[in-house]
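First comes the structure, then the notes that go with it.
Computed from a prediction, not measured in an experiment: that's the story for all the values here. Chain naming here is simple, since letters A, B, ... match the order of the sequence lines and numbering starts at 1 in each. Computed from heavy atoms alone, side chains included, the values below leave out hydrogens, waters and symmetry copies.
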2 protein chains.
Amino acid sequence: MAETLTATALTLKDIAREAGVSLATVDRVLHNRPGVRPDTVRRVQAAIERHSFQPHVAAAELARGRARRFAFVMPSGPNPFMQQIEAYLGEMSTWLSARRLSVETVRTDVFDPSVLAGSLEALSGDYDGVAMVALDHPSVRAAINDLVDAGTKVVTLVSDVPSSRRHHYVGIDNIAAGRTAGALVGRLAGQKSGKVAIVAGSQGLRDHAERIFGFNQVMASEFPGLSVLPVLEGRDEDDRSEQALARLLGKHGDIVGLYNVGAGTQGVAKALSEAARDKVVFVGHDVTVLTRRLLLQGVMDAAISQNPGHEARAAVRVLLALARGEPILREQEKIRIDIVMRDNLP
Amino acid sequence: MAETLTATALTLKDIAREAGVSLATVDRVLHNRPGVRPDTVRRVQAAIERHSFQPHVAAAELARGRARRFAFVMPSGPNPFMQQIEAYLGEMSTWLSARRLSVETVRTDVFDPSVLAGSLEALSGDYDGVAMVALDHPSVRAAINDLVDAGTKVVTLVSDVPSSRRHHYVGIDNIAAGRTAGALVGRLAGQKSGKVAIVAGSQGLRDHAERIFGFNQVMASEFPGLSVLPVLEGRDEDDRSEQALARLLGKHGDIVGLYNVGAGTQGVAKALSEAARDKVVFVGHDVTVLTRRLLLQGVMDAAISQNPGHEARAAVRVLLALARGEPILREQEKIRIDIVMRDNLP
DNA sequence: CTCAAAATGAGTTGCGTACCTCAAAACACC
DNA sequence: GGTGTTTTGAGGTACGCAACTCATTTTGAG
């Protein structure tokens with residue numbers, strides 16, 4: 001009734017003996033250094049695979065000497081979600097220093113492609129890995145590819161640049177997030193008919209556009225009785241969002257649901273309460289101090305959330321695994337779309 | 001615009017010099033070995049804290065020599081959720097062997113206190129850490145405490161034994177899970193009045209009892225119009241659950257919601273469909289092959305889920321951190337209550 | 001066959017810690 | 001002041017690998 005996993009106590013020396021070569025040759029193969037005949041390479045690799053040999057991480061880490069340096073490129077604005085990510089990076093400091101890893105945070109204007117691209121280029125050569133909140137733009141894409149070509153491991157965070165050659169994306173599928181929001185609004189509203197409002201930062205932002213797309217998909221296919229009103233753009237600002245929504249609420253008396261795609265939550269909540277329309281189902285994004293309060297008060301009904309702590313840690317782990325040449329535990333690093341309601345507030 | 005975390009390149013030698021003692025003495029302090037004057041201990045600790053020195057994990061690991069052995073004590077029955085946990089442990093094998101960690105799975109009858117306690121005692125001395133799915137019973141509690149006293153690190157998994165001196169619990173808060181289920185059933189049902197059914201494995205199981213408690217709490221306080229029927233006990237078996245539920249559905253024509261607390265999901269779904277009562281809001285637990293299908297078909301409306309992969313990995317990481325004397329990243333190891341609906345199926 | 005280039009062997013050093021031994025120094029007690 | 005005990009120093013070895021040097025062997029081209 002017992003099963004054992006792992007624990008090969010093999011070392012490089014054993015592999016060398018097995019393959020009938022010297023330690024030096026095994027080392028050359030392992031780090032694809034030149035000067036080994038293809039045939040010999042194959043023999044060594046065969047021996048490695050035969051015993052499914054894994055170099056001892058601790059020994060490798062100790063032997064390399066120099067510490068690994070990672071950079072996190074984050075937006076300079078006062079975005080609470082991004083601040084949470086940075087805070088969670090801070091909480092890892094003990095973990096990081098016990099592994100002799102250094103993580104540096106670089107703040108820049110990620111919304112200006114040329115500024116962002118410039119910041120990325122400035123990092124070249126100094127870091128083993130870079131995690132970035134990036135805009136999808138040709139010059140950013142080029143900067144990312146340059147980093148990759150220079151041997152730096154690159155991870156996109158929260159917002160992806162799929163057309164680049166980045167090694168990994170740590171973040172959610174925003175279309176699925178929008179679909180989830182749609183399903184929640186539709187189901188929680190209950191009614192068969194009525195109108196639904198959407199407040200977004202800007203439809204020009206990739207993640208917002210994707211969320212709206214997913215939301216509309218679900219509304220059209222599953223809640224045909226609910227009609228979606230044109231998207232209000234609030235630029236993630238409280239005042240702007242409030243005014244736009246107040247106007248809309250005044251015009252339509254039969255709004256039963258509201259999806260707030262980005263920030264500006266404070267303004268949205270204010271517009272709702274001042275219009276005394278607290279029966280409207282209100283679904284938004286992210287768990288912050290504010291949305292937590294709104295959920296507890298019953299003003300917000302659900303928040304779609306991506307765990308910032310998980311994103312911070314996943315980015316570090318992925319960069320480390322990439323740098324070490326270890327496989328990535330995809331299941332572990334995947335960021336899930338959390339539905340947060342009052343009773344499962346984290 | 002840049003901030004740096006960590007990367008003290010200090011070594012034990014530096015600390016020794018700082019404290020004006022030899023390496024041997026620092027070593028004695030670090031591992032609380034005897035033979036050091038209290039005053040000297042303080043001086044060394046002061047030096048360590050002054051520089052917030054952290055021993056290099058890789059070096060420590062390498063120097064230990066012997067590999068760490070962990071045991072996972074799992075239920076012997078064919079529980080799909082537990083099988084998933086074991087499967088995810090299997091996926092970690094590369095990660096484990098690169099760190100020279102061995103994980104052994106021991107299957108036993110965790111529902112029989114004396115058998116479980118016996119299995120635990122049999123592990124004594126052989127392992128650095130043990131993770132277990134445990135029953136809360138005096139003799140189990142005693143066995144756990146014995147392990148702890150013998151220096152073994154102990155983590156309870158999925159089901160806790162809070163009265164024991166186990167070092168950590170990896171699992172969810174079941175009362176909160178029940179509350180979440182209640183909120184979902186209530187909200188999704190929409191109606192102001194009607195009846196709600198509960199199917200559980202047994203009210204004698206701690207986690208089931210806690211879930212029911214939380215569920216009733218929410219129903220009573222937030223959905224006074226919905227009346228909860230007496231709990232059906234299906235012993236987590238399909239047939240039993242089906243028959244019990246079929247009878248109940250026949251008796252009450254106004255059932256609008258159903259909470260399935262444990263397994264037996266297949267039977268519950270069958271009873272619902274054969275009674276042609278697919279309008280009933282159906283909330284259950286865990287994402288398995290079956291519940292995934294039911295969610296996609298619209299038979300189930302939501303599943304409360306705890307991520308088995310996360311639990312498996314968290315248990316290993318916590319055991320490792322405990323064994324190394326490292327701090328635990330509580331935020332990371334916390335198991336969240338996931339609400340899974342069709343559109344955010346993982 | 002000759003010679004240069006390529007491939008390989010053999011060896012060294014160092015990473016930072018754990019764990020061990022033995023001798024020397026400091027201390028406590030009578 | 002002598003004795004025994006406690007505390008401390010000094011040093012060594014080992015862990016598994018990275019990274020390097022240098023000598024030697026093998027290979028292929030002409």
task = Would you sort out whether B:Val158 and B:Phe81 count as a side chain to side chain contact (heavy atoms under 4.5 Å, CB included), showing the intermediate values?
result = CA-CA 10 Å; B:Val158 181; B:Phe81 182 73; 3.9 Å; yes
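- A:His56 has its NE2 atom 12 Å from the P atom of D:dA18, to the nearest Å.
- In this structure, CZ of A:Arg33 is placed 8 Å from P of D:dA18, rounded to the nearest angstrom.
- Classification of B:Arg324 and B:Glu61 as a salt-bridged pair holds, one side-chain N sitting under 4.0 Å from a carboxylate O.
- Looking at residues 57-64 of chain B, you'll see B:Ala59, B:Ala60, B:Ala63 sit with a heavy atom under 4.0 Å from some atom of DNA chain C.
- No donor-acceptor pair under 3.5 Å is formed between the side chain of B:Ser52 and the backbone N or O of B:Glu49.
- In this structure, the CZ atom of B:Arg66 is 14 Å from the P atom of D:dG16, given to the nearest Å.
- Legend: side-chain hydrogen bond (donor to acceptor under 3.5 Å, both in side chains) pairs involving residues 143-152 of chain B, not counting sequence neighbours, sorted by first then second residue: B:Asp149-B:Arg165.
- Per the geometry, NE2 belonging to A:His31 stands 13 Å off C1' belonging to D:dC20, to the nearest Å.
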Under 3.5 Å, which donor-acceptor pairs link side chains of residues 114-126 of chain B to any protein atom two or more places apart or in another chain?
from     : atom 1 : to       : atom 2 : distance (Å)
B:Ser114 : OG     : B:Asp112 : OD1    : 3.0
B:Ser119 : OG     : B:Thr108 : OG1    : 2.8
B:Ser119 : OG     : B:Val115 : O      : 3.1

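- Rounded to an integer number of Å, the gap from CD1 of A:Ile15 to P of D:dG16 is 13 Å.
- B:Arg42 meets the side chain to side chain donor-acceptor pair (under 3.5 Å) test with no other residue; sequence neighbours excluded.
- In terms of modelled atom types and a separation under 3.5 Å, the side chain of A:His137 and the main chain of A:Ser139 share a donor-acceptor contact.
- When distances are taken from the side chain of B:Arg37 to each of D:dT7, D:dA18, D:dG16, the shortest belongs to D:dT7.
- In this structure, A:Arg100 contributes its side chain and A:Ala67 its backbone to no donor-acceptor pair below 3.5 Å.
- The nucleotide range of DNA chain C contacted by chain A, defined by atoms under 4.0 angstrom from heavy atoms of the protein and reported 5' to 3', is C:dA7 to C:dT17.
- Scanning residues 20-28 of chain B for heavy-atom distances under 4.0 Å to DNA chain D yields B:Gly20, B:Val21, B:Ser22, B:Ala24, B:Thr25, B:Arg28.
- Judged purely by distance below 3.5 Å, without hydrogens or angles, the side chains of B:Glu104 and B:Tyr127 pair a donor atom with an acceptor atom.
- With A:His51 contributing its side chain and A:Phe53 its backbone, the two residues share no donor-acceptor pair below 3.5 Å.
- In this structure, C:dG14 and D:dC17 make a Watson-Crick or G-U wobble pair, each of the two defining distances being under 3.5 angstrom.
- Atom-to-atom, NZ of B:Lys13 to C1' of D:dG12 comes out at 14 Å; the value is rounded to the nearest Å.
- The backbone N or O of B:Lys153 sits nowhere less than 3.5 Å from a side-chain atom of B:His167 that would complete a donor-acceptor pair.
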